[in-house]
Amino acid sequence: MTVRVRMAPSPTGFLHIGGVHTFLFNWLYARGRGGECLLRIENTDTSREVTEAVDQIQRSLAWIGIDWDRPVTFQLDAMERCRELAAKLVADGAAYEDEGAIRFRMPDDGSTGWDDAVRGRIEVPNAQLEDVVIVRSDGRATYNFASPVEDMDDGITHVIRGEDHISNTPKQIQILRALGHEPPVYAHLGSILGPDGKKLSKRHGAVSVDEFRAAGYLSEALVNFLALIGWAPDGETTEMTVAEIVERFTLEAVSSSPGTFDYAKLDWLNGRYLRALTPDAYADRLLVFLHEQSIGWDKERVRAAAPLVQEKIGRFEEFPGMVGFLFGFVDPDVTLLDPAILAAAGKAFDPVEPWVAAGIEVALKALCEELGRKPKEVFLPIRVAVTGSRISPGLYESLELLGKDTSLARIRAHAAAS
RNA sequence: GGCCCAUUCGUCUAGUGGCCUAGGACACCGCCCUCUCACGGCGGCGGCACGGGUUCGAAUCCCGUAUGGGCCUCCA
């Protein structure tokens with residue numbers, strides 16, 4: 001039997017990272033088994049639909065690298081089909097009308113259970129199952145009816161979703177059986193929580209795919225990170241390519257307990273990915289990021305500056321702050337400046353030709369010697385005068401890139417009169 | 001309240017009865033490297049929620065308790 005899964009977002013807003021996590025696991029499972037992964041928009045609640053959401057969801061998935069097979073489907077398109085099946089259930093006595101709506105008749109005795117692919121056997125007393133509304137009084141099917149119906153019609157073999165759906169599962173199984181269809185395999189994933197143990201939300205930090213993108217995370221780092229929440233190939237491996245994750249992923253190895261979203265670990269992992277990029281690839285990705293952020297800095301200059309920060313930042317978001325001094329004026333904190341040292345530096349740099357890092361280094365070392373001061377004491381005021389901050393890329397390289405004229409101008413602007 | 005799910009270092013996890021004196025990674029702390037910040041290297045801190053069983057032997061199996069979460073909508 002060919003595996004077929006589905007990703008079923010509701011178009012109520014941006015794509016939440018928790019949803020991406022669920023979709024990723026569906027996608028990994030299908031891709032690792034030569035199966036199909038469908039995208040179904042569950043929009044039966046028209047009142048909550050957000051216009052831009054459908055496009056945005058697809059864009060977010062594309063950026064993450066999660067693709068899908070066959071055209072996108074919309075649950076609202078299955079309403080007619082759902083009404084027909086509901087009518088059939090009423091005719092069979094399995095459902096009944098109630099104030100204009102149609103309710104499915106749940107059994108009162110016994111229990112409904114299934115072998116959850118990640119949790120094992122789950123059994124729920126049927127007495128807990130109320131007669132759910134399957135068609136609203138306005139004729140639209142509800143989620144609990146449309147979803148299993150579409151799973152049936154689409155030939156879904158595995159329903160991989162969040163644990164908040166566990167209590168819907170026995171109801172959907174009953175409905176499917178009444179329809180004469182054998183239920184798919186269900187797999188319920190643990191939720192993703194914020195650092196405080198509550199459901200991950202806006203106040204914890206970035207939650208939508210767009211936010212992670214705008215913060216300068218690499219999609220492959222995000223995928224790697226997400227894969228490791230609730231799943232691990234072994235006890236050692238943490239850095240894996242998508243291909244490797246696809247190859248090693250199994251539902252059996254998925255954990256059933258909830259996981260906390262650790263932003264610090266994501267930052268570390270993203271930094272690892274960033275540093276592993278070749279200088280060219282790094283600059284390419286950085287340029288794409290800056291373009292998305294509407295930062296129109298000179299491309300060649302950005303390429304030249306990129307290598308200076310590749311080892312220093314964990315997200316592209318940090319780039320502008322780190323090298324802004326190369327693209328605009330600086331406003332140094334004068335209390336960190338030392339006019340005497342700056343005056344001496346101005347003189348020491350004057351004869352340096354050509355203006356390259358190696359020559360600058362020699363001049364700077366000689367200056368330290370001459371002043372009888374330690375490098376860190378001499379470098380600080382120069383760094384602040386030139387970059388506007390006590391934290392910057394390497395000083396020699398920064399000076400070289402800034403250019404001799406600008407560098408000297410910034411140094412002399414705060415130097416003691418001679 | 002009812003039903004269901006979960007519980008290994010602060011965090012993500014390895015572990016499926018003896019290999020565990022519980023391993024790895026992030027975070028944190030210290031040292032080294034060093035022009036700042038980082039990176040990198042080395043080392044350290046730190047955990048099987050609790051209580052009963054079962055067993056020669058339990059993080060692993062069973063029961064209970066506690067804690068956290070989910071659902072109980074003509075939401076998905």
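Naming: A, B, ... by sequence-line order, numbering from 1 per chain. Because the structure is predicted, anything quoted here is derived from the model rather than measured. All values below come from the heavy atoms of this structure, side chains included, with hydrogens, waters and symmetry mates left out.
Of all nucleotides listed (B/rA76, B/rG23, B/rC35), B/rC35 comes nearest to the side chain of A/Leu395. Looking at the side chain of A/Ile391, the nearest of the listed nucleotides B/rU36, B/rA25, B/rA76 is B/rU36. Checking B/rA27, B/rU7, B/rC5 against the side-chain heavy atoms of A/Trp268 singles out B/rA27 as nearest. Each of B/rC35, B/rC72, B/rC3 was ranked by its minimum atom distance to the side chain of A/Lys171; first place goes to B/rC72. For A/Ile122, whose side chain is taken as the heavy atoms from C-beta onward, the closest listed nucleotide among B/rC37, B/rC4, B/rA76 is B/rC4. Nearest nucleotide to the side chain of A/Glu99, out of B/rC74, B/rA76, B/rC26: B/rC74. Taking every side-chain heavy atom of A/Pro375 into account, B/rC35 is the closest of B/rG24, B/rC75, B/rC35. Residue A/Gln128 places its side chain closer to B/rC3 than to any other of B/rC39, B/rC35, B/rC3. Among the nucleotides B/rA27, B/rC12, B/rU11, the one closest to any side-chain atom of A/Lys265 is B/rC12. Listed nucleotides: B/rA76, B/rC35, B/rC74. Nearest to the side chain of A/His165: B/rA76.
Evaluation of atom-type donor-acceptor distances gives a pair under 3.5 Å for the side chain of A/Ser137 against the base of B/rC74. With hydrogens and angles ignored, a donor-acceptor pair under 3.5 angstrom links the side chain of A/Arg383 to the base of B/rC35. Taking 3.5 Å as the limit, the base of B/rA76 and the side chain of A/Asp164 contain no donor-acceptor pair of atoms between them. Put simply, the side chain of A/Lys312 and the base of B/rC39 share no donor and acceptor less than 3.5 Å apart.
If you check every strand for non-hydrogen atoms under 4.0 Å, A/Glu123 touches sugar and phosphate atoms only. Residue A/Tyr396 is classed as a base contact, given a heavy-atom separation below 4.0 Å to a base. Among the atoms of the strands shown, none is found under 4.0 Å from any heavy atom of A/Pro195. Counting any heavy atom pair closer than 4.0 Å across all strands shown, A/Asn43 reaches no nucleic acid atom. Residue-level contact check: A/Gly394 touches the bases, meaning some heavy atom is under 4.0 Å from a base atom. Residue contacts for A/Ala232: at a heavy-atom cut-off of 4.0 Å it reaches the sugar-phosphate backbone alone, with no base atom in range. Counting any heavy atom pair closer than 4.0 Å across all strands shown, A/Ser392 reaches a base atom.
Taking atom C1' on both B/rC48 and B/rC29, the two are 24 Å apart, rounded to the nearest angstrom. Separating the C1' atom of B/rA49 from that of B/rU67 is a span of 8 Å, rounded to the nearest Å. Look at the C1' atom in both B/rU13 and B/rU60: the space between them is 16 Å, to the nearest Å. B/rC12 and B/rU7 have their C1' atoms separated by 15 Å, given to the nearest Å. Rounded to the nearest Å, the gap between the P atom of B/rU21 and that of B/rG64 is 30 Å. Using atom P as the reference point in both B/rC19 and B/rA59, the two lie 9 Å apart (nearest Å). Distance noted for atom C1' between B/rC56 and B/rC42: 43 Å (whole Å). Distance noted for atom P between B/rU16 and B/rC62: 16 Å (whole Å).
Close to B/rG69, at under 4.0 Å from its OP1 or OP2, lies a side-chain N or O of A/Lys198. Taking only side-chain nitrogens and oxygens, A/Ser167 never comes nearer than 4.0 Å to OP1 or OP2 of B/rC72. When the side-chain nitrogen and oxygen atoms of A/Thr44 are compared with OP1 and OP2 of B/rA76, one or more of them lie within a distance under 4.0 Å. Taking side-chain N and O atoms only, A/Arg136 has a distance below 4.0 Å to OP1 or OP2 of B/rC75. Taking 4.0 angstrom as the limit, A/Arg272 places a side-chain polar atom (N or O) nearer than this to OP1 or OP2 of B/rG40. Phosphate proximity of B/rC74 to A/Arg103: present, with a side-chain N or O under 4.0 Å from OP1 or OP2.
Straight-line distance from the CD atom of A/Glu377 to the P atom of B/rU34: 17 Å, rounded to whole Å. One can place CG of A/Asp267 at 19 Å from P of B/rA25, the figure rounded to the nearest angstrom. Regarding A/Glu130, its CD atom lies at a distance of 15 Å from the P atom of B/rC4, rounded to whole Å. A straight line from CG of A/Leu193 to C1' of B/rC12 spans 13 Å, rounded to a whole angstrom. As rounded to whole Å, 18 Å separates atom P of B/rC39 from atom OH of A/Tyr273. The CZ-C1' distance, from A/Phe25 to B/rC12, rounds to 11 Å in whole Å. Rounded to an integer number of Å, the gap from NZ of A/Lys376 to P of B/rC33 is 11 Å. Regarding A/Arg119, its CZ atom lies at a distance of 7 Å from the C1' atom of B/rA6, rounded to whole Å.
Residues A/Arg40 and A/Asp151 are paired through a salt bridge, judged by an N-O separation under 4.0 Å between the basic side chain and the carboxylate.
B/rG30: Watson-Crick or G-U partner is B/rC42, with both key distances under 3.5 Å. In this structure B/rU65 sits in a base pair with B/rA49, meeting the Watson-Crick or G-U test at under 3.5 Å. Base pairing of B/rG1 is made with B/rC72, judged by Watson-Crick or G-U wobble geometry with both donor-acceptor distances under 3.5 Å. Under the Watson-Crick or G-U wobble criterion, with both distances below 3.5 Å, B/rA22 is left unpaired in every strand shown.
Annotation: A/Phe249 is in aromatic contact with A/Trp231 [ring centroid separation under 6.0 Å]. The distance between the ring centers of A/Phe25 and A/Phe23 does not fall below 6.0 angstrom. Taking the six-membered ring for Trp, A/Phe289 and A/Tyr217 have ring centres at least 6.0 Å apart.
Neither side chain, A/Arg119 nor A/Ser255, offers a donor N or O lying under 3.5 Å from an acceptor on the other. Neither side chain, A/Arg4 nor A/Thr157, offers a donor N or O lying under 3.5 Å from an acceptor on the other. Looking only at atom types and distance, the side chain of A/Gln56 has a donor-acceptor partner in the side chain of A/Asp210 under 3.5 Å away.
For the pair A/Ser256 and A/Phe379, both in contact range of RNA chain B, the more 5′-proximal nearest nucleotide belongs to A/Ser256. Between A/Ala253 and A/Asp45, it is A/Ala253 whose nearest contact on RNA chain B lies nearer the 5' terminus.
Taking the six-membered ring for Trp and thresholds of 30 and 60 degrees, A/Tyr186 and A/Trp114 have ring planes more than 60 degrees apart, a perpendicular arrangement. A/Tyr143 and A/His165 have tilted rings, their planes meeting at an angle from 30° to 60° on a 0 to 90° scale. Ring-plane geometry between A/Phe212 and A/Phe261 is classed as tilted, the angle between the planes lying from 30 to 60 degrees on a 0 to 90 degree scale.
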